Amino acid sequence: SQQGEEDPQALSIQEGENATMNCSYKTSINNLQWYRQNSGRGLVHLILIRSNEREKHSGRLRVTLDTSKKSSSLLITASRAADTASYFCATDAKNTGFQKLVFGTGTRLLVSP
Amino acid sequence: DTEVTQTPKHLVMGMTNKKSLKCEQHMGHRAMYWYKQKAKKPPELMFVYSYEKLSINESVPSRFSPECPNSSLLNLHLHALQPEDSALYLCASSQDPRTASYNEQFFGPGTRLTVL
């Protein structure tokens with residue numbers, strides 16, 4: 001399967017703490033994206049990092065990409081209760097075209113007040 | 001309008017029923033997608049439509065039949081489903097696949113399907 005792996009599967013922190021989640025994938029990619037999903041709802045795009053980029057920031061989000069290790073990390077700083085959600089990385093493999101996104105297994109984040 | 005809408009929100013059907021899921025977007029996107037998501041699992045791609053033509057079918061059983069009547073609408077026709085088909089069905093869209101350099105997808109809220 002092309003599916004990426006994410007760890008941890010679940011993460012529980014207090015408000016104000018930082019949350020880090022990791023994604024590993026299997027094939028060469030064009031881009032890697034992170035999505036967020038609130039319980040039982042649709043996914044929301046958070047940030048995209050291209051294969052030739054190593055780090056990207058957006059507000060309280062910081063994403064890194066290491067193509068040599070086929071891995072990425074998402075850091076959420078100063079977390080809030082509203083950040084409670086599942087987070088998925090998604091990759092588009094170079095050999096299948098970028099229309100086909102493959103999602104990682106996801107990290108369930110719980111931020112307690 | 002940056003929204004993808006899906007109807008119905010919830011659907012309960014028997015194994016002999018025929019029903020349809022509907023998805024709509026008015027962002028001018030020319031790629032539309034159906035995903036299936038089981039509880040605590042990632043979304044799994046089912047179908048991709050590009051310019052109203054089916055471009056990817058991920059070996060989905062024929063009891064699921066997609067249709068793209070125009071650039072704004074995407075349907076998923078359901079017939080003779082099995083209980084294991086119960087899941088959240090997500091629709092998504094993305095910008096022009098012929099010119100876009102990346103595939104940011106916009107998701108609808110999903111239809112929660114229960115097959116009895």
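Source: prediction; values computed, not measured. All heavy atoms count here, side chains included; hydrogens, waters and symmetry mates do not. Every chain is numbered from 1 and lettered A, B, ... according to where its sequence line falls, protein lines coming before strand lines.
- The contact between A/Q37 and chain B is made entirely by side chain atoms (from C-beta outward), counting heavy-atom distances below 4.5 Å.
- Looking at heavy atoms from C-beta onward, B/K40 lies in side-chain contact with A/R108 at the 4.5 angstrom threshold.
- Classified by interplanar angle (parallel below 30°, tilted 30° to 60°, perpendicular above 60°), the ring pair B/F107/B/Y35 is tilted.
- Chain A forms the most heavy-atom pairs under 4.5 Å with one residue out of B/G110, B/S94, B/P109, and that residue is B/P109.
- For B/Q37, the part lying near chain A is the side chain, with the backbone staying farther off; criterion is any non-hydrogen pair under 4.5 Å.
- Residue pairs that meet the salt bridge (charged side-chain N to carboxylate O under 4.0 Å, His left out) test with at least one member in residues 55-68 of chain B, sequence neighbours left out, are A/K100-B/E58, B/R63-B/D85.
- Considering only residues two or more places apart in sequence or on other chains, B/Y89 meets the ring pair (Phe, Tyr, Trp, His ring centres under 6.0 Å) condition with B/F64.
- Of the two parts of A/L48, only the side chain, counted from C-beta on, holds a non-hydrogen atom closer than 4.5 Å to a non-hydrogen atom of chain B.
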